[in-house]
Protein chains: 2
Amino acid sequence: MVKAAIEMDKASMLLKLLGDKTRLSMVKILEKHECCVCEFVEIFRMSQPSISQHLRKLRDVGLVKEERKGQWIFYSVNKGNEYYPFIEQILMLVPDLDDKLKKLEEQGTRISCC
Amino acid sequence: MVKAAIEMDKASMLLKLLGDKTRLSMVKILEKHECCVCEFVEIFRMSQPSISQHLRKLRDVGLVKEERKGQWIFYSVNKGNEYYPFIEQILMLVPDLDDKLKKLEEQGTRISCC
DNA sequence: TTATCATATAACTATACACTTATATAAGTG
DNA sequence: CACTTATATAAGTGTATAGTTATATGATAA
């Protein structure tokens with residue numbers, strides 16, 4: 001067992017949380033980039049409330065944090081969170097999604113709202 | 001990204017599968033020990049159908065395999081499965097449950113049925 | 001053969017979950 | 001100020017999920 005180890009309860013809770021393609025992708029992106037809600041709406045082509053609700057689940061366990069900048073709210077991974085070492089290990093096993101952001105930039109929609 | 005990497009679809013599907021405390025514990029135990037259904041019934045103090053259904057989900061994606069020995073069916077992790085490298089990395093982050101089996105042995109129930 | 005043990009499966013139930021629509025809040029903009 | 005933009009939240013809906021009880025299957029034992 002590695003230094004990122006945690007109890008079974010916590011581990012299964014976190015795996016379930018990341019066991020959703022949208023949330024897993026969000027966290028993978030947020031690990032490297034700050035994003036606001038409207039960008040995720042673009043990336044995942046999903047309704048704004050749906051995106052907000054996923055972000056809330058991530059925020060409720062402290063995995064992501066939000067920062068308001070004017071009318072936008074930027075999300076990022078909370079690397080100080082007690083579970084981050086665990087999450088970090090899992091994210092290493094998952095493909096990069098930088099191309100998704102790059103695509104937004106090319107479309108000019110990366111900062112459509114931000 | 002590490003050699004255990006897989007696509008997002010697969011990753012989230014597997015994380016969801018392990019995002020259940022019972023299944024996560026099962027796989028962690030089966031990684032090191034063959035077990036039969038009745039042992040899991042003891043360990044998790046859960047009904048036999050419930051245990052069987054969890055094992056079926058794991059078997060359906062090929063994570064565990066079964067081998068009949070007389071009237072018992074022994075399960076073990078299928079280390080040849082394409083997803084095993086991914087699973088292995090996750091299991092490294094999770095505490096050992098050897099004490100649970102040890103407890104069964106002490107009670108004499110480890111091989112109550114097997 | 002009948003009985004028993006180990007396991008699987010089917011049918012049902014209650015809860016959790018992801019998503020939708022509608023509405024609220026909060027910050028800019030004209 | 002009213003209007004728009006960005007986001008959150010509430011309420012409702014359909015489906016997935018984990019568990020239950022009941023039954024089926026398959027092997028061994030009497």
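Just so it is clear: chains get the letters A, B, ... in the order the sequence lines come, proteins before strands, and each one is counted from 1.
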Considering only dT7(C), dA27(C), dT9(C), which nucleotide approaches the side chain of P49(B) most closely?
dT9(C)
Ranking dT7(D), dC19(C), dT7(C) by distance to the side chain of V37(B), first place goes to dT7(C)
Can you tell me how far P of dC17(C) sits from CG of L17(A), to the nearest Å?
10 Å
Can you find a heavy atom in the side chain of E31(B) that is under 4.5 Å from one in the side chain of Y84(B)?
yes
Do the side-chain N or O atoms of H54(B) get closer than 4.0 angstrom to the phosphate oxygens (OP1, OP2) of dT17(D)?
no
Select base, sugar-phosphate, or nothing to describe what K16(A) touches, counting heavy atoms under 4.0 Å on all strands.
sugar-phosphate
Is any side-chain heavy atom of L58(A) closer than 4.5 Å to a side-chain heavy atom of Y75(A)?
no
Using rotation axes that map the C1' atoms of four end pairs onto the next four (five pairs an end), what angle separates the end axes of the helix from dT1(C)-dA30(D) to dG30(C)-dC1(D), to 10°?
0°
Which part of the nucleic acid, if any, lies within reach of K69(B) when heavy atoms closer than 4.0 Å are counted: base, sugar-phosphate only, or nothing?
nothing
Where the side chain of Q71(B) is concerned, which of dT7(C), dT7(D), dT28(D) is the nearest nucleotide?
dT28(D)
d(CH2, W72(A); P, dA27(C)) in whole Å
13 Å
Categorize F40(B) for me: base, sugar-phosphate, or nothing, with a 4.0 angstrom heavy-atom threshold over every strand shown.
nothing
Go through the N and O atoms of the side chain of Q53(A) and the base of dT20(C), and report whether any donor-acceptor pair is under 3.5 Å.
yes
Between L63(A) and L14(A), is any pair of side-chain heavy atoms under 4.5 Å apart?
yes
Using a 4.0 Å heavy-atom cut-off, does K21(A) contact any base of the nucleic acid, only the sugar-phosphate backbone, or nothing at all?
nothing
Can you check the L58(B) CG to dT7(C) C1' distance for me, whole Å?
16 Å
Please check this pair: side chain of R68(A) against backbone of G70(A), looking for a donor-acceptor N/O pair closer than 3.5 Å.
yes
Considering only dT21(D), dA18(D), dT7(D), which nucleotide approaches the side chain of S52(A) most closely?
dT7(D)
Look at Y75(A) and dA8(D) and indicate whether a side-chain polar atom (N or O) is within less than 4.0 Å of OP1 or OP2.
yes
Take atom CD of Q48(B) and atom C1' of dT25(D), then tell me their distance rounded to the nearest Å.
12 Å
Taking the side chain from E39(A) and the backbone from C36(A), do they hold a donor-acceptor pair closer than 3.5 Å?
yes
Do N78(A) side-chain atoms and K65(A) backbone N/O form a donor-acceptor pair below 3.5 Å?
no
Between I51(B) (CD1) and dT21(D) (C1'), how many Å, whole number?
16 Å
Taking CZ from R56(B) and C1' from dA6(C), how many angstroms apart are they, rounded to a whole number?
17 Å
Nearest to the side chain of S50(A), which nucleotide is it out of dT7(D), dA6(C), dC19(C)?
dC19(C)
Tell me the interatomic distance from R68(A), atom CZ, to dG28(C), atom P, rounded to whole angstroms.
8 Å
Please state how far atom NZ in K57(A) lies from atom P in dC19(C), giving the value in whole angstrom units.
9 Å
Do any N or O atoms from the side chain of K28(B) and from the backbone of L97(B) form a donor-acceptor pair under 3.5 angstrom?
no
Is the closest side-chain heavy-atom distance between L101(A) and K32(A) below 4.5 Å?
no
